[in-house]
**Student:** 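Quick one: the structure is below, and I'll ask about it shortly.
As the structure lists them, so they are numbered: ligands from 1, and atoms in each ligand from 1.
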Amino acid sequence: MIEAATATLDRNWRDGYTLPSPNLYPFQWNWDAGFIALGLAHVRPGRAIAEIRSLFRGQWGNGMVPHIVFHRPADNYFPGPDVWGTDPVPFRPAGVRTSGITQPPVFAFIVERISALPLGLTPEWAAFRREIFPALVAQHRHLYRHRDPLNEGLVYIQHNWEAGTDNSPVYDAALEAIDLTHARDVSSLRRDNRKVAAAHRPTDASYRRYLALVDLFNACGYRDAEIAERSPFLIQDVLFNCVLARSNRSLLALARAVNAEAGLVAEIERWCERTSAAINAKFWDGQRGFYFPYDLRAGRRIPIKTSSGFLPLFAQVCDAEQRRALARHLTSSFAPGADWLLCPSVATDEPTFDPVRYWRGPVWVNVNWMLHHGLRQSGLDDLAGRVRADTLRAMGAAGRWEYFDPRPGTPPAALGLGTDEFSWSAALALDFQLNPAPL
Ligand code: GLC
């Protein structure tokens, strides 16, 4: 499996960065680059720094790290750079085209994880940590300054593509609220549903809404304040905030390691405390014993159980009772039998559960990796072991697919979904096998 995973990363490497998948995602993606850099650090250490540097070449002057960096043109993806229309934005970087939204900020904890590997002990890595630290601070600061309108220590996402969990049913109601009077029909422009089975991908009706938001951001000149005022889609997402909380901890350790000045260390300490507390204050539903995202427009939680609801374990913000409640959900509504693959992206007893469609049921390797480490940090070692074993079992049987059908008895040929040779699945297969230490 190590050889096969390395071959996937080699195949998707393009002189400085890695494509998530050449046929479906022909550019560099934000959080993908983080997970991929970790995999590269194990087997192609010379490429890990380049991967991260390439992504941050796309960082905007306001600190925002875009979700796609279009290093080179490719015509097999929609929406490409012309649709995003970010060229006239004054604070976009020179010399490279990008999308205009971000993705979960994984880099600080990725840097921490790589620092414990042999690459992490080299002078190149020590210099790189000093180089990347200010960019990471700018990334987190952008989120706190421009995505926390109520000053709660929680940031909101502007688009379901910012969540990473793009097609999760938790975004359905907010997307439904979009006025489509002037929205264009994008069905003939899509490329994704011609490359992989349409049943594994979002519907045309959903894509129309996704693009209506992009058109709105364009009309707002990508100014966050204007978007916050006009957009129907403002969601405080559980996964996004948990990734931010976990990265804050790593950023704090990094700040101390690079001797950052006291004021900056204090600023990061405040981010750590406020976001951790706010996750429990706003997302935790004591009655259901689960964490749910919050729709700022509608002014309510979105009570649909998804795998993101477990990631407060990864953020290390749960008390003993919360840990027990989450463990119960993991082995009941998410896996009604011991032979189900953990962890379905939506609980199997939700009406929106669909075992084969993009983020509506299938298992994703990066969520499992974060869940595994969260369970270990919480002392839930048996469950952590099961999540790791299930992830490796699925990839061992089917290959490094984008996502996997969680149902028991699915034949290997039908287990893998979306695109095959998916880079972060390969990269995290490597970390699962080559670094047994907890994060
Ligand atoms: C899919 C995933 C997203 C990922 C992208 C590129 O859209 O939902 O999280 O970043 O593919 O792999």
**Student:** Starting from atom 8 (O) of ligand 1, what is the nearest protein heavy atom, named by residue and atom, and what distance separates them?
**Tutor:** Trp359 NE1, 2.8 Å
**Student:** Start with the C-alpha gap between Asp390 and Arg386, add the side-chain angles, then the distance that decides, and say whether salt bridge (Lys or Arg N to Asp or Glu O under 4.0 Å) holds.
**Tutor:** CA-CA 6 Å; Asp390 283 3; Arg386 179 171 163 196; 3.6 Å; yes
**Student:** Can we say Asp172 and Arg360 salt-bridge, meaning some charged N sits less than 4.0 Å from an Asp/Glu carboxylate O?
**Tutor:** yes
**Student:** What atoms in ligand 1 come closer than 4.0 Å to a heavy atom of Phe422?
**Tutor:** 12 (O)
**Student:** For Trp364 and ligand 1, does the shortest N/O to N/O distance drop below 3.5 Å?
**Tutor:** no
**Student:** Evaluate the side-chain proximity of Phe109 to His373: yes if any heavy-atom separation is below 4.5 Å, no if none is.
**Tutor:** no
**Student:** Are Arg190 and Asp204 ion-paired here, with the side-chain N under 4.0 Å from a carboxylate O?
**Tutor:** yes
**Student:** If we check side chain to side chain contact (heavy atoms under 4.5 Å, CB included) with Val89, which of these qualifies: Phe217, Trp84, Trp60?
**Tutor:** Trp60
**Student:** Among all protein heavy atoms in this structure, tell me which lies nearest to atom 3 (C) of ligand 1, with the distance rounded to 0.1 Å.
**Tutor:** Gly164 O, 3.6 Å
**Student:** Are Glu162 and Arg147 within salt-bridge range, i.e. N to O under 4.0 Å?
**Tutor:** yes
**Student:** Taking N or O atoms only and a 3.5 Å limit, does Trp31 qualify as a polar contact for ligand 1?
**Tutor:** yes
**Student:** Mind checking whether Gln103 has an N or O less than 3.5 Å away from an N or O of ligand 1?
**Tutor:** yes
**Student:** Measure from the ring center of Tyr358 to the ring center of His200 and say whether it is less than 6.0 Å.
**Tutor:** no
**Student:** Which residue holds the protein heavy atom closest to atom 4 (C) of ligand 1, what is that atom called, and what is the gap in Å?
**Tutor:** Asp32 OD1, 3.5 Å
**Student:** Looking only at protein heavy atoms, which one is nearest to atom 11 (O) of ligand 1, and what is the separation?
**Tutor:** Tyr25 CZ, 3.2 Å
**Student:** What part of Trp161, side chain, backbone, both or neither, has a heavy atom within less than 4.0 angstrom of ligand 1?
**Tutor:** neither
**Student:** Among protein heavy atoms, which lies nearest atom 7 (O) of ligand 1, and at what distance?
**Tutor:** Tyr358 OH, 2.5 Å
**Student:** Taking the six-membered ring where the residue is Trp, are the ring centres of Phe27 and Tyr25 under 6.0 Å apart?
**Tutor:** no
**Student:** Which is it for His67 and ligand 1 at heavy atoms under 4.0 Å: side chain, backbone, both or neither?
**Tutor:** neither
